[in-house]
Undergrad: 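My questions all concern the structure below.
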Amino acid sequence: MLSFATWNVNSLRVRLAQLGLWLGANAIDVVALQETKLSDEDFPHAEIEALGYRAVFSGQRTYNGVAILSRLPLQATVAGLPGYEDPQRRVIATTVGAIRLINVYVPNGQSVGSDKYAYKLAWLVQLERFLAQQLSEHERVLMVGDFNIAPQDRDVHDPASWQGSVLVSEAERAAFGRLTDHGMSDLFRRFEQPGESFSWWDYRQGAYRRNRGLRIDLMLASPGLAPLCRYCRIDREPRTWERPSDHAPCTAGFDLSCVGA
DNA sequence: ATGGTGGGCAGCCCA
């Protein structure tokens, strides 16, 4: 079984110790991180190596930043969306054995109708283009990350109050639908899950304690990979720790014995 | 109640 995870750590520097604890306790082979908020010069190579992982990353100071940590060798790493100039570091893709992994930090969008919302929708068009290209080259594609979109109302603690808001708006869900139209399967929904399962809770007003969250951290697999998935779950435990990220990690395991990996 | 909390970097920006 090969285990993958995705986690928006909201500052890798602040969350490094928690990440180490969590990786060690959960036997994670590959983890995709978002919001590392570190320039590449400041990436904590030594600390990550000491945890037993190698890393590829595309970072910037203060905002955004993505990384992939792996116990296995990585090949053919690409940062960004080819053909789309974007100073914001939000995508890194690499090959781990038999799987093409795409790690994304989708723009938040701020509010419906804002400039950032327009950027989010334009960015998602470019992501779809990249996904289509990757699917044409790779049979087993795993796209994970912070999508900043709750796919369905059951991924929202109070759909009525969120109706039409950023993270759930029709245009965002339509853009997400154009990803799943390529056959990408939301792995979490392939399995029986507890009700009210979310992956992000605002820091404010005791949102976590009241489970007022959204499920926006997702793991999507191509038709050649999804049937090999044996579990997918959200681990809330790190969200209960002192000084947590506002996101919980999500993990999935794959049985790749049939592809000789 | 257009607030509230947290991260980063220097009085705000972003989530």
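Within every chain, numbering begins at 1; the chains are lettered A, B, ... in the order of the sequence lines, protein sequences first and strands thereafter.
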Undergrad: In whole angstrom, what separates A/D246's CG from B/dC14's C1'?
TA: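 About 11 Å, once rounded to whole Å.
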
Undergrad: Which value, in whole Å, describes the distance between the C1' atoms of nucleotides B/dG3 and B/dA15?
TA: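 Going atom to atom, C1' in each nucleotide, I get 16 Å.
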
Undergrad: In whole Å, measure the gap between the P atoms of B/dT5 and B/dC9 for me.
TA: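 The same atom, P, in both gives a distance of 22 Å.
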
Undergrad: Of all residues at least two apart in sequence or in a different chain, which pass the side-chain hydrogen bond (donor to acceptor under 3.5 Å, both in side chains) check with A/S165?
TA: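 A/S165 satisfies side-chain hydrogen bond (donor to acceptor under 3.5 Å, both in side chains) with no other residue.
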
Undergrad: Test: salt bridge (Lys or Arg N to Asp or Glu O under 4.0 Å). Region: residues 167-177 of chain A. Which pairs qualify, not counting sequence neighbours?
TA: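 Only A/K120-A/E172, A/D153-A/R173 qualify under salt bridge (Lys or Arg N to Asp or Glu O under 4.0 Å).
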
Undergrad: Could you state the atom-to-atom distance from CD of A/Q88 to P of B/dC13 in whole Å?
TA: 15 Å

Undergrad: Please list, by residue number, the residues of residues 8-18 of chain A whose heavy atoms come closer than 4.0 Å to an atom of DNA chain B; answer none if no residue qualifies.
TA: A/N10, A/S11, A/V14, A/R15

Undergrad: With a 4.0 Å heavy-atom cut-off, tell me which residues in residues 167-178 of chain A come close to DNA chain B, sorted by residue number.
TA: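 Output list: empty, so none.
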
Undergrad: Let me know the distance between CZ of A/R204 and C1' of B/dT2, rounded to the nearest Å.
TA: 11 Å

Undergrad: Between A/L142 and A/L220, is any pair of side-chain heavy atoms under 4.5 Å apart?
TA: no

Undergrad: Among residues two or more places apart or on two chains, list those pairs meeting ring pair (Phe, Tyr, Trp, His ring centres under 6.0 Å) that have a residue in residues 125-145 of chain A.
TA: none

Undergrad: Rounded to the nearest angstrom, tell me the gap between atom OH in A/Y63 and atom P in B/dC9.
TA: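 In whole Å, B/dC9 P lies 9 Å from A/Y63 OH.
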
Undergrad: Enumerate the salt bridge (Lys or Arg N to Asp or Glu O under 4.0 Å) contacts for residues 80-105 of chain A, please, sequence neighbours excluded, ordered by first and then second residue.
TA: none

Undergrad: Between atom CD1 in A/I149 and atom P in B/dA15, what is the gap in whole Å?
TA: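 About 14 Å, once rounded to whole Å.
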
Undergrad: Heavy-atom nearest nucleotide on DNA chain B for A/H247 versus A/P244: which residue maps closer to 5'?
TA: A/P244

Undergrad: Would you list the pairs meeting salt bridge (Lys or Arg N to Asp or Glu O under 4.0 Å) in which at least one residue belongs to residues 208-223 of chain A, sequence neighbours left out?
TA: A/D155-A/R215, A/D186-A/R215

Undergrad: Determine, stepwise, if the pair A/E139 / A/S222 fulfils side chain to side chain donor-acceptor pair (under 3.5 Å).
TA: CA-CA 7 Å; A/E139 167 127 16; A/S222 65; over 6 Å; no

Undergrad: Please list, chain by chain and in numerical order, all residues satisfying side-chain hydrogen bond (donor to acceptor under 3.5 Å, both in side chains) with A/Q18, sequence neighbours excluded.
TA: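 Testing A/Q18 for side-chain hydrogen bond (donor to acceptor under 3.5 Å, both in side chains), a comparison that skips the adjacent residues, returns none.
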
Undergrad: Mind checking who shares a hydrophobic cluster with A/L38, ILVMFWY linked at side-chain heavy-atom distances under 4.5 Å?
TA: A/W7, A/V9, A/L12, A/L16, A/L19, A/L21, A/W22, A/L23, A/I28, A/V31, A/L33, A/F43, A/I48, A/L51, A/Y53, A/F57, A/L69, A/W241

Undergrad: Measuring only between side-chain heavy atoms, which start at C-beta, is A/Y208 closer than 4.5 Å to A/D246?
TA: no

Undergrad: What is the distance, rounded to the nearest whole Å, between atom CG of A/N64 and atom C1' of B/dG7?
TA: 13 Å

Undergrad: Could you tell me how far B/dC14 sits from B/dG4 if I compare only their C1' atoms? Round to whole Å.
TA: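 To the nearest whole Å, 15 Å.
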
Undergrad: B/dA15, B/dG6, B/dG8: which one has an atom nearest the side-chain heavy atoms of A/R90?
TA: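 For A/R90, the side-chain atoms sit closest to B/dA15.
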
Undergrad: Identify, residue by residue, the members of residues 101-120 of chain A with a heavy atom below 4.0 Å from DNA chain B, and return them in order of residue number, or none.
TA: A/Y105, A/N108, A/K116

Undergrad: Check side-chain hydrogen bond (donor to acceptor under 3.5 Å, both in side chains) between A/D115 and all other residues, then give those that pass, not counting sequence neighbours.
TA: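 side-chain hydrogen bond (donor to acceptor under 3.5 Å, both in side chains) list for A/D115, sorted by chain: empty.
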
Undergrad: Taking atom C1' of B/dC14 as reference, at what distance in whole Å does atom CG of A/D146 sit?
TA: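 From A/D146 CG to B/dC14 C1': 13 Å.
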
Undergrad: When the P atoms of B/dA10 and B/dG6 are considered, how many whole Å apart are they?
TA: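 Here B/dA10 and B/dG6 have their P atoms 22 Å from each other.
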
Undergrad: It should be established whether A/R243 places a side-chain nitrogen or oxygen under 4.0 Å from OP1 or OP2 of nucleotide B/dG7.
TA: yes

Undergrad: Rounded to the Å, how far apart are A/E242 CD and B/dG7 P?
TA: 11 Å

Undergrad: Which ILVMFWY residues can you reach from A/Y231 by hopping between side chains whose heavy atoms are under 4.5 Å apart?
TA: A/M1

Undergrad: Start at the 5' end of DNA chain B and walk down; is the nucleotide closest to A/D202 or to A/T36 reached first?
TA: A/D202

Undergrad: Can a side chain N or O of A/R61 be found less than 4.0 Å away from OP1 or OP2 on B/dG7?
TA: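 Negative; the distance criterion is not met.
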
